[in-house]
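First up is the structure itself, then whatever we jot down about it.
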Amino acid sequence: ERGVSPETHSVDPTIDFTLANDADAITIVSAIGFEPIAVWSDLKGLPVAYKVRAVDTYCLPVQRVEPGHAQFIQLPDPVAIPAATPVRFKLCLKGYAGSLGGNESLIRIQVTANTIAWRSRLIYMGTY
């Protein structure tokens, strides 16, 4: 037994990611979110969980997930990233599993920095 159950462990995914400011000036991050790319269902087993230390954590209440429609949380205090410095965030997608309409999905992390929207590579997300 792995000691993992929906009663004791959240089924809402938390994505831990790092932004690297490779510019010569300060970059201001004002919003972070995700964009669903695809959703489907598949049978699966239970994965092994592990802990990742959080530096900054933001919780995004997820609305109905629709591919191609990004959801964001405006940061209460924008984060200034000094030049040539990485900053790590954790983004909790609150209610993601219940808003999904399947148990498999592809998403991208989206970040608004200096009023420009930046998108990650595809991330596979499976729920149980």
Could you tell me if the side chain of Phe72 sits less than 4.5 Å from the side chain of Gln110, heavy atoms only?
yes
Side chains of Leu93 and Thr14: does their closest heavy-atom pair fall under 4.5 Å?
no
Examine Phe17 and Trp118 and state if one hydrophobic cluster contains both, with Ile, Leu, Val, Met, Phe, Trp and Tyr joined whenever side-chain heavy atoms are less than 4.5 Å apart.
no
Do Val79 and Ile28 have side chains that get closer than 4.5 Å, going by heavy atoms?
no
Which heavy-atom pair separates Ala97 from Asp12 by the least distance, and what is that distance?
N-OD1, 4.3 Å
Heavy atoms, side chains only, cut-off 4.5 Å: are Gln63 and Gln71 in contact?
yes
For the residue pair Ser30 and Gln74, what are the closest heavy atoms and their distance?
O-OE1, 3.3 Å
Looking only at heavy atoms, which two atoms of Ala80 and Pro82 are closest? And how far apart?
O-CD, 3.5 Å
Is a side-chain donor or acceptor of Asn114 paired with a backbone partner of Thr27 at a separation under 3.5 angstrom?
no
Between Tyr96 and Ser105, is any side-chain donor less than 3.5 angstrom from a side-chain acceptor?
yes
At their closest point, which heavy atom of Ala23 faces which heavy atom of Ala83, and how far apart are they?
O-CB, 3.3 Å
State, yes or no, whether a side-chain contact exists between His69 and Pro36 at a heavy-atom distance under 4.5 Å.
no
Contact summary for Leu91 and Ile73, nearest pair of heavy atoms
CD1-CG2, 4.4 Å
Would you please test Met125 and Ile15 for side-chain contact (heavy atoms from CB on, under 4.5 Å) and show each step?
CA-CA 10 Å; Met125 301 282 288; Ile15 301 165; 4.3 Å; yes
Test log, rule side-chain contact (heavy atoms from CB on, under 4.5 Å), inputs Ser99 and Val62:
CA-CA 7 Å; Ser99 302; Val62 176; 3.9 Å; yes
Heavy-atom donor-acceptor pair, Asp16 side chain to Lys90 backbone, under 3.5 Å:
no
Which class fits the ring pair Phe89 and Tyr58: parallel under 30°, tilted 30 to 60°, perpendicular over 60°?
tilted
What residues, two or more places apart in sequence or in another chain, satisfy side-chain contact (heavy atoms from CB on, under 4.5 Å) together with Ile37?
Glu35, Leu106, Arg108, Arg119, Leu122
Determine whether Ile32 and Leu75 make a side-chain contact, defined as any pair of heavy atoms from C-beta on separated by less than 4.5 Å.
yes
